[in-house]
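As the structure lists them, so they are numbered: ligands from 1, and atoms in each ligand from 1.
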Amino acid sequence: MQQERSPFQQLADLLAGKAPGLSALDLTLGEPKHAMPSFIQAVIDEHAADFRRYPPIRGTEDFRNAVAHWIAQRYQTGPLISAEKHILPLNGTREGLFHAAIGARDWAKNKPAKDMSNPAILLPNPFYHAYAAGAHAMGAEAVYLNGTKDSNHLPDLTALAKQTELLDRTIAFYYASPANPQGTAADLADWQQLIALARKHHFMIFADECYSEIYRERPPTGILEACKGDLSNIVTFHSLSKRSNLAGLRCGFAAGDEAFLTQWTKYRNMAAPQVPLPLLAAAAAAYRDEAHVEENRRLYNEKYDQASQILSTDFTYQRPEGGFFLWLDIRQFGSDIAVTEKLWKEVGVKVIPGSFLARKNAQGINPGEHFIRLALVAPLQETSTALTRLKDCLIENKTLESEE
Ligand SMILES: Cc1ncc(COP(=O)(O)O)c(C=O)c1O
């Protein structure tokens, strides 16, 4: 089992000692830079006295009610989600996704498995590193599933269905939609296929939907729309970090399978970080407001329009259905690592090589190696300067000293 290294650490090592060619423009971190909702500060101030108190691991009724209402509205699920039974706050989804692997191990003790000496956790490839860290921490084999064009760059579930030995020892599957970094989203049929596999082979689905509200034309279908009123084997993860530009608030939620959540809560009550009460109040207020989310989407979509104008004639480039990344095919210019170094050294644009976000799968293929990831999180002007520099550097090899 291999210890994971963060892609950001790998990038720091790659660029160590190398100066940027122009003033640095950082497109690496998926940290939103749009304004946070204007009402957040006032809610925190109003509840500030509660910083004195230890927060309950299940959060407050107010928070759970706000989330249950939001889910019902967003996914048209009616009374499927009960605020009492099916919702847990998370101190950011990163910790939740990580700790979920430990929950899966405890839950899998009920699995009617033939041989559980080598449990597996399935991951998309590329993947968010908390998934791999979770698999590593609980001693499971992390199995990296590359997407294909036919599977819309999401894990190929039809190919997976044939791997029954693997599925029988699988305890959990982290499945991200919209995916980071590709921005592709599962449709109803994908979710239904995934749920059928999970129920047949008795594993948990951890659906990472933290980019669900950052979409282009239409809202991505969620797993809760595909579950036909039955939450078993399903936990979905949502976050305010991207939806509401509140990455520092550290608040999201897990919703789904009551039996899993009840058991996981016992573990979380001993080991997981709670969300402070004033921050739960602010998070509830954020879930009750959609106006700031609509404005957020508008700002991102404006940047995608600009990106198309700058890049689409020269690059193989797909406008992603969701999320705020560009997953740019750069194979015509060299390896992802060579291109990353060139962009930094010549024009000060910092990007992440795709191969740092993925792993070689069992067939030895790293699906990220022909790509770089660009986060379009900065304001329009800064993003557009960075993309123009990138294009000029790679396509036209212009001298850019006089640009600014
Ligand atoms: C795919 C994915 N999942 C989960 C997270 C975690 O977000 P947070 O812990 O801020 O909720 C991120 C953050 O970048 C992400 O990209």
Quiz item: What heavy-atom pair brings Ala172 and Phe203 nearest, and what distance separates the two atoms?
Solution: N-CB, 3.9 Å
Quiz prompt | Per atom 3 (N) of ligand 1, closest listed option by heavy atom (Asn91, Asp208, Leu357) | solution = Asp208
Quiz item: So between Phe253, Tyr211, Tyr128, whose heavy atom ends up nearest atom 4 (C) of ligand 1?
Solution: Tyr128
Quiz item: Any N or O of Lys242 that comes nearer than 3.5 Å to an N or O of ligand 1?
Solution: yes
Quiz item: Is Thr93 close to ligand 1, meaning an N/O of one under 3.5 Å from an N/O of the other?
Solution: yes
Quiz item: Are any of the heavy atoms in Ala176 under 4.0 Å away from ligand 1?
Solution: no
Practice problem: Answer yes or no for Glu95: is there a heavy-atom contact with ligand 1 below 4.0 Å? | Solution: no
Practice problem: Could you walk me through whether Asp289 and His292 pass the side chain to side chain donor-acceptor pair (under 3.5 Å) test, one step at a time? | Solution: CA-CA 7 Å; Asp289 183 74; His292 73 279; 2.6 Å; yes
Quiz item: With a cut-off of 6.0 Å (strictly less than), are more than 12 heavy atoms of other residues, nucleotides or ligands near NE2 of His69?
Solution: no
Practice problem: Answer yes or no: are there more than 12 heavy-atom neighbours, outside Lys33 itself, under 6.0 Å from its atom NZ? | Solution: yes
Quiz item: Heavy-atom contacts under 4.0 Å between Leu97 and ligand 1: side chain, backbone, both, or neither?
Solution: side chain
Quiz item: For ligand 1, is any non-hydrogen atom under 4.0 Å from Phe237's backbone (N, CA, C, O), its side chain (CB onward), both, or neither?
Solution: neither
Quiz item: Of all the non-hydrogen atoms in the protein, which one sits nearest to atom 10 (O) of ligand 1, and at what distance?
Solution: Ser241 OG, 2.6 Å
Quiz item: Taking it one step at a time, do His153 and Trp327 satisfy ring pair (Phe, Tyr, Trp, His ring centres under 6.0 Å)?
Solution: CA-CA 11 Å; His153 301 284; Trp327 186 233; 9.3 Å; no
Quiz item: Hey, which of Glu213, Glu294, Glu209, Glu290 is the one that makes salt bridge (Lys or Arg N to Asp or Glu O under 4.0 Å) with Arg243?
Solution: Glu290
Self-check item: Reference residue Phe206; test ring pair (Phe, Tyr, Trp, His ring centres under 6.0 Å); the match among Phe260, Trp107, Phe173
Solution: Phe260
